[in-house]
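Just so it is clear: chains get the letters A, B, ... in the order the sequence lines come, proteins before strands, and each one is counted from 1.
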Amino acid sequence: MSEFIQIGLTVRYTYMPKHRIRKKPHAVSSLTSIPLEEPGLTDPTQYLDEIDSYHQSRTTNLKKRASADNFKDHLLSASEGETSSGEYHEREEVLPLDLSSSEADAEEQIGEMREYFSDQSEESVGAEVGWGSKKRTFYDTDFVGDEKKGQREQTELALEEEREALSLQKRLTSGLTEKDYLTHDLLSTLSISRPDPAYDTTKDDNTVLAESPELNELIQDLQSHISLLNSLILPSLSIARNITQPPSNLLLYLNTYSSLSLSYCCSILFYLSLRASGVAVATHPVCERLVTSRALLSQLTVLNKDLQPELESWLQQKLNDTDISSDINPIGLNNGDNPIENSQELIDTVSDKNSVTELNLPNPATEVDRYASLTPLEFYDVMMRERKERKKLKKANKHITTNTEEENIVETGETKRPINYDIKKNKGLTPRRKKELRNPRVRQRMKYKRALKNRKGQVAGTRPRTSLYPGELTGIRDDISKSRKIR
Amino acid sequence: MSRFIRPNRSRGQRGAIRGSSQSRSAVPKWGRGTDKGRFNAKGGSKILIEPHRHPGIYIAKSKEDLLVTKNMVTGESVYGEKRITIEDNLDGKTEYRVWNPFRSKLAAAILGGIDRIHIAPGSKVLYLGAASGTTVSHVSDIVGPNGLVFAVEFSQRSGRDLLNVAKKRTNIIPIIEDARHPQKYRMIVSMVDTIFADVAQPDQARIVGINAHYYLKHRGYVVISIKANCIDSTAQPEAVFAEELMKLQREMIRPQEQLTLEPYERDHAVVVGIYRPDRKQKYD
């Protein structure tokens with residue numbers, strides 16, 4: 001430690017008068033018992049003249065007084081347990097010393113020294129964490145000797161911190177009320193998101209039902225269809241698909257029913273979402289779609305009555321059967337001609353009508369049968385007609401969708417006029433500039449090009465002299481005199 | 001075979017349009033037949049010969065226009081230039097020689113649109129700096145059998161070619177002498193109407209002046225080609241031309257017009273001046 005100090009001192013010798021420095025150990029010696037040797041210069045009379053000695057005596061008196069004060073302060077603050085060097089420094093600055101500026105500087109230096117010593121004394125209390133005078137006391141000491149202990153301390157500290165943070169949070173949140181989260185007005189508007197248990201929802205329900213009575217029924221339909229699909233149709237469909245040779249009628253029925261009911265559910269959901277977003281749904285094509293799907297499903301109910309119990313039992317059997325053999329046919333599905341034909345008819349009607357549902361029921365066999373009886377010419381006609389119809393339908397659909405989009409915009413009413421380009425780009429009051437001005441290099445290039453053009457009009461360049469003179473390509477004008485007349 | 005008269009010209013026109021005059025008769029003298037001056041050249045393209053504004057000079061119109069002079073010595077090329085032969089019922093064969101503006105300053109000046117050249121059929125011309133006689137041959141074509149060309153050239157080598165040209169053309173009088181000493185050829189040269197000078201010497205104006213004092217008639221004309229580089233290669237061409245004009249004025253030659261020879265020559269000018277004009281009279 002003494003080495004360290006001495007180094008500091010020797011450095012200071014270079015720009016501080018020595019007699020000033022000699023004072024420091026005096027001032028500090030009571031705090032730290034560090035001997036400061038100064039080789040050679042023991043007697044001040046050896047190097048001080050008369051004036052110097054006068055000034056020295058003056059400053060020493062002052063400093064003694066000041067250091068006594070400081071020391072008192074220091075002791076006071078140390079006893080309070082809040083020894084902060086900053087504060088100490090402040091106090092020192094306040095001292096009413098009538099020293100010249102250089103002396104004040106010197107005083108400052110001394111103050112720093114003293115600070116340093118005081119720090120040393122403080123650190124001696126908790127030396128193991130602080131900086132030591134020796135390198136190895138603070139290099140490579142990060143839990144080298146007692147690693148586990150260090151880690152344990154760390155984890156304990158972390159836990160404690162967490163606990164404290166939690167308690168702090170609790171304390172803070174306990175003081176908060178509902179009002180602190182949201183203002184009263186905002187809360188009232190957000191009644192949906194934060195429902196009051198005491199609030200009577202039946203009133204709202206009534207109003208909604210009054211507006212659209214079909215809503216209840218639709219929701220019920222949706223629930224029933226989804227449950228049926230989940231419990232019966234989709235599992236059996238997946239099983240039927242897994243069978244190597246599934247009975248075609250079974251697949252047909254399952255496919256038809258599942259796609260119909262899925263599309264129906266989909267339509268309902270879309271309808272509900274439209275309702276929720278506040279768009280007028282009365283004219284929306286989804287309504288039409290809902291009606292058609294519903295009608296088709298109701299036609300299927302006849303089939304369902306007969307088939308579903310059988311299907312259930314079949315599914316049960318299949319599920320129970322661990323090894324599924326391909327030749328097992330569902331009871332009644334193959335020989336019960338009547339319902340299957342019904343379904344076939346149904347599908348035909350669907351495809352003929354080209355209904356909005358656009359059920360994709362690929363049955364190539366039936367398609368072929370349909371066209372087998374036709375002569376090639378008739379077949380061509382039919383195909384062309386169908387194609388035309390399809391096109392027309394597509395067009396009509398497109399028209400409808402665009403119309404509805406427009407209507408939506410109109411009916412919501414509060415849609416705002418979109419911002420223009422200038423606002424979007426945050427143009428402000430910037431004047432319009434040519435695109436050419438964006439790039440200085442290009443600007444210069446263009447400038448040069450223009451200048452060349454202008455010069456061509458002003459100064460005739462020389463044509464390269466060719467070995468064979470072909471004549472004047474642009475003709476000879478003999479009626480023009482171009483010479484400059486001098487008069 | 002009328003001349004092309006374009007009444008409304010607003011573009012690319014700097015000088016005055018010359019009014020139509022008797023000298024530019026619509027029908028050339030040799031072309032009154034059915035195939036008026038029409039000619040099938042080697043390539044088979046038709047060539048139409050028209051007289052130029054300057055008498056004695058013609059324009060051969062085809063895909064590309066050519067400046068031509070009527071060849072005095074039919075069937076002979078002077079410096080390997082092309083010839084155009086036109087057969088006519090009345091005059092028989094007429095031959096024209098192509099005048100290359102890249103080889104002749106006078107041709108360049110004509111194509112550049114000089115107002116007057118003061119060289120016409122029948123005029124006497126003192127040609128200073130005749131060189132090999134390329135331009136001199138065309139001048140002799142222009143002045144015709146009634147005119148005379150005194151061609152002065154100092155260089156022996158060029159003089160030999162000039163002599164060869166003069167052998168065929170009786171209206172050329174070759175003089176192998178230094179143009180700085182006009183008294184040396186005072187026994188040969190008569191008074192002339194026009195001096196054409198293409199000497200490219202720094203003291204060009206003085207040379208022209210002396211010759212004018214000796215041989216040029218009063219109110220005769222001087223046509224000088226000035227190569228700026230030969231006079232002062234460091235100065236701006238325009239400055240050199242201006243300086244030359246001043247010098248000419250000191251020699252009692254009043255400059256009338258000036259024309260640069262772009263695009264055929266770089267930093268060349270042709271100046272036309274009148275010698276000892278009447279002070280009060282205006283000449284155009």
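Heavy atoms closer than 4.5 Å to chain A are found in both the backbone and the side chain of B:L66. Contact annotation for B:R254: neither backbone nor side-chain heavy atoms come within less than 4.5 Å of a heavy atom of chain A. In this structure, chain A has no heavy atom under 4.5 Å from any part of B:I110.
For the options B:E262, B:R103, B:E257, heavy-atom pairs under 4.5 Å to chain A are most numerous at B:E257.
In the displayed structure, A:R463 atom CZ is contacted under 6.0 Å by more than 12 heavy atoms of other residues, nucleotides or ligands. Heavy atoms of other residues, nucleotides or ligands lying less than 6.0 angstrom from CZ of A:R445 number 12 at most. Annotation for B:K247: atom NZ counts as buried by contact number, over 12 foreign heavy atoms lying within 6.0 Å. Counted within 6.0 Å of CZ on A:R387, heavy atoms from surrounding residues, nucleotides or ligands total 12 or fewer; the atom is thus considered open. Atom CD of B:Q236 has 12 or fewer neighbouring heavy atoms from other residues, nucleotides or ligands inside a 6.0 Å radius. Other residues, nucleotides and ligands contribute over 12 non-hydrogen atoms within 6.0 Å of the OH atom of B:Y283.
For the atom pair CG of B:L245 and CD1 of A:I486, the computed distance is 4.5 Å after rounding to the nearest 0.5 Å. If you take NZ on B:K63 and CG on A:L473, they are separated by 9.0 Å, rounding to the nearest 0.5 Å. Taking OH of A:Y469 as the start and NZ of B:K82 as the end, the distance is 11.0 Å to the nearest 0.5 Å. Rounded to the nearest 0.5 Å, atoms NZ (B:K61) and CD1 (A:I476) are 7.0 Å apart.
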### Task
Given side-chain contact (heavy atoms from CB on, under 4.5 Å), test A:R484 with B:Q258 step by step and report yes or no.
CA-CA 5 Å; A:R484 190 158 65 84; B:Q258 185 190 328; 2.8 Å; yes
### Task
Assess whether side-chain contact (heavy atoms from CB on, under 4.5 Å) is satisfied between B:D115 and A:K485, documenting all intermediate values.
CA-CA 9 Å; B:D115 199 23; A:K485 309 296 179 297; 3.6 Å; yes
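Counting only distance, with no hydrogens or angles, the side chain of B:D65 and the backbone of A:G475 share no donor-acceptor pair below 3.5 Å. Listed for the B:R53 side chain is a donor-acceptor partner under 3.5 Å among the backbone atoms of A:I480. Looking only at distances, no side-chain donor or acceptor of B:R266 sits under 3.5 Å from a matching main-chain atom of A:T462.
Residues B:L111 and A:E472 form a side-chain contact, since some pair of their non-hydrogen atoms from C-beta on lies under 4.5 Å apart.
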